[in-house]
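To start, the structure under review is shown below, and the notes come after it.
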Amino acid sequence: MGRRALKRIDKNLDYGWHLLEFEDLPESCTSQTLFGDDAPLEFEIGSGKGLFMRTASGAQPEHNFLGVEISFSYARHSAARLAQAERTNARMLAGCGQRLLREFVPTDSLEAVHVYFPDPWWKKRHHKRRVLNEAFLLQAHRTLRPGGKLHFWTDVQEYYTATLELIAASVPLDGPHDVPATPATHELDYRTHFERRTRLADQPVYRAEFIKLRAE
Ligand SMILES: C[S@@+](CC[C@H](N)C(=O)[O-])C[C@H]1O[C@@H](n2cnc3c(N)ncnc32)[C@H](O)[C@@H]1O
């Protein structure tokens with residue numbers, strides 16, 4: 001995707017705690033091992049410049065947030081913004097969100113998994129590279145707690161439809177539930193930078209929310 005240069009990080013800013021790599025992770029990633037408390041834990045996969053991570057962790061200080069971004073420079077940028085905002089409930093992992101869920105996250109543990117505007121991989125032969133593939137959906141379902149939510153927004157109608165079909169065929173999630181758009185009240189009042197870009201261009205955004213069913 002076309003990306004503008006990121007703003008320079010203040011060299012006096014200490015963002016060490018906010019930026020993790022796989023070798024820093026505990027064997028089992030929970031609120032207790034990452035944040036030292038038992039608050040509900042939410043993951044965002046593919047955080048980009050980290051607008052959701054900053055806004056959500058400020059709006060919900062009683063929850064913990066781990067953002068995962070495969071591009072190191074974007075993960076570092078987001079971590080620095082969290083450090084600047086002095087968040088103690090949000091950290092970034094520079095790495096692959098699929099690997100994180102598969103190898104480091106206990107079953108029935110997450111409050112929410114957020115995936116906003118994942119890379120579309122337009123060509124059909126590249127669809128298997130999409131983050132929202134069957135293996136990822138099975139892991140998202142496994143790691144969500146009963147009642148936990150999967151949030152998926154995109155500007156690519158074909159990706160949206162294909163993902164909804166894949167979810168219906170492969171994981172017992174309740175949904176899609178509609179998520180209404182809310183008017184932006186200030187310059188950064190959007191879920192993510194890609195949502196901002198899409199809405200300012202008057203393009204549609206497709207939003208869905210799924211809930212992991214509670215065991216009978
Ligand atoms: C199109 S951008 C959207 C960024 C942000 N969610 C937004 O809406 O502004 C998709 C992001 O997902 C990241 N990404 C792609 N595959 C990933 C993976 N397997 N794990 C974590 N991040 C990934 C990309 O580097 C990119 O920053």
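Hydrophobic clustering keeps L51 apart from V205 (ILVMFWY residues linked when any side-chain heavy atoms are closer than 4.5 Å, directly or through intermediates). Cluster membership for F136 and L93, using ILVMFWY side-chain heavy atoms within less than 4.5 angstrom, is shared. Hydrophobic clustering, with ILVMFWY side chains joined whenever heavy atoms are under 4.5 angstrom apart, groups F52 together with V179. Under a hydrophobic-cluster definition in which Ile, Leu, Val, Met, Phe, Trp and Tyr are linked whenever side-chain heavy atoms come within less than 4.5 Å, directly or via other members, L144 and I167 are assigned to the same cluster. There is a path of hydrophobic side-chain contacts, each under 4.5 Å, that joins F22 to V105.
Note: Y116 OH to I45 CD1 = 11.5 Å, rounded to the nearest 0.5 Å. How far CZ of F117 is from OH of Y159: 12.5 Å, rounded to the nearest 0.5 Å. In this structure, CG on L173 lies 7.5 Å from CG on L213, to the nearest 0.5 angstrom. Summarising the geometry, atom OG belonging to S57 is positioned 10.5 Å from atom CD belonging to E44; distances are rounded to the nearest 0.5 Å. The line from OG1 of T198 to CH2 of W153 is 11.0 Å long, rounded to the nearest 0.5 Å. With values rounded to the nearest 0.5 angstrom, N64 atom CG is found 4.5 Å from D37 atom CG.
The salt bridge (charged side-chain N to carboxylate O under 4.0 Å, His left out) analysis of residues 78-95, with sequence neighbours excluded, yields no pairs. For residues 122-139, the pairs satisfying salt bridge (charged side-chain N to carboxylate O under 4.0 Å, His left out) are R130-E158, with sequence neighbours left out.
No salt bridge links E69 with R76; every basic N to acidic carboxylate O contact stays at or beyond 4.0 Å.
The shortest distance between side-chain heavy atoms of L138 and R142 does not fall below 4.5 Å. Counting only heavy atoms from C-beta outward, the side chains of K149 and I211 approach each other to under 4.5 Å. Considering only heavy atoms from C-beta on, L101 comes within 4.5 Å of L110 through its side chain. Taking the side chain as every heavy atom from C-beta outward, Y206 and V156 never approach each other to under 4.5 Å. Proximity of M92 to L20: side-chain heavy atoms (C-beta onward) are nowhere separated by under 4.5 Å. Looking at N133 and Q98, their side chains come closer than 4.5 Å, going by heavy atoms from C-beta outward. Proximity of T154 to T163: side-chain heavy atoms (C-beta onward) are nowhere separated by under 4.5 Å. Within the 4.5 Å cutoff, the side chain of D119 has no heavy atoms near those of the V131 side chain.
In terms of heavy-atom proximity, V171 sits nearest to L137 at CG1-O, 3.7 Å. The minimum heavy-atom distance between N89 and Q60, with the atom names listed, is ND2-O, 3.4 Å. Scanning all heavy atoms of the two residues, the minimum distance from P106 to T30 falls at CG-CG2, 3.8 Å. Across M53 and S47, no two heavy atoms sit closer than the pair CG-OG, 3.9 Å. Minimum heavy-atom separation, H177 to D174: NE2-OD2, 3.1 Å. Residue G95 comes nearest to V68 through the heavy atom pair O-CG1, 3.3 Å, listed as atom of the first residue, atom of the second, then distance.
Between the side chain of H151 and the backbone N or O of A208 there is no donor-acceptor pair closer than 3.5 Å. In this structure, the side chain of D10 engages the main chain of N12 through a donor-acceptor pair within 3.5 Å. Checked by atom type and distance alone, the side chain of Y160 pairs as donor or acceptor with a backbone atom of R207 at under 3.5 Å. The backbone N or O of S109 lies less than 3.5 Å from no partner atom in the side chain of T143, so there is not a single donor-acceptor pair. Remark: side-chain polar atoms of K212 are paired, donor with acceptor, to backbone N or O of H141 under 3.5 angstrom. The backbone N or O of A39 sits less than 3.5 Å from a side-chain atom of S31, completing a donor-acceptor pair.
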Problem set entry | Working for side-chain contact (heavy atoms from CB on, under 4.5 Å), residues D155 and Q203 | CA-CA 7 Å; D155 55 338; Q203 299 298 313; 5.7 Å; no
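Taking the ring centre of Y190 as origin, the terminal cationic atom of R199 falls outside the region bounded by 6.0 Å and 45° from the ring axis.
Between F152 and F210, the ring center distance fails the sub-6.0 Å criterion.
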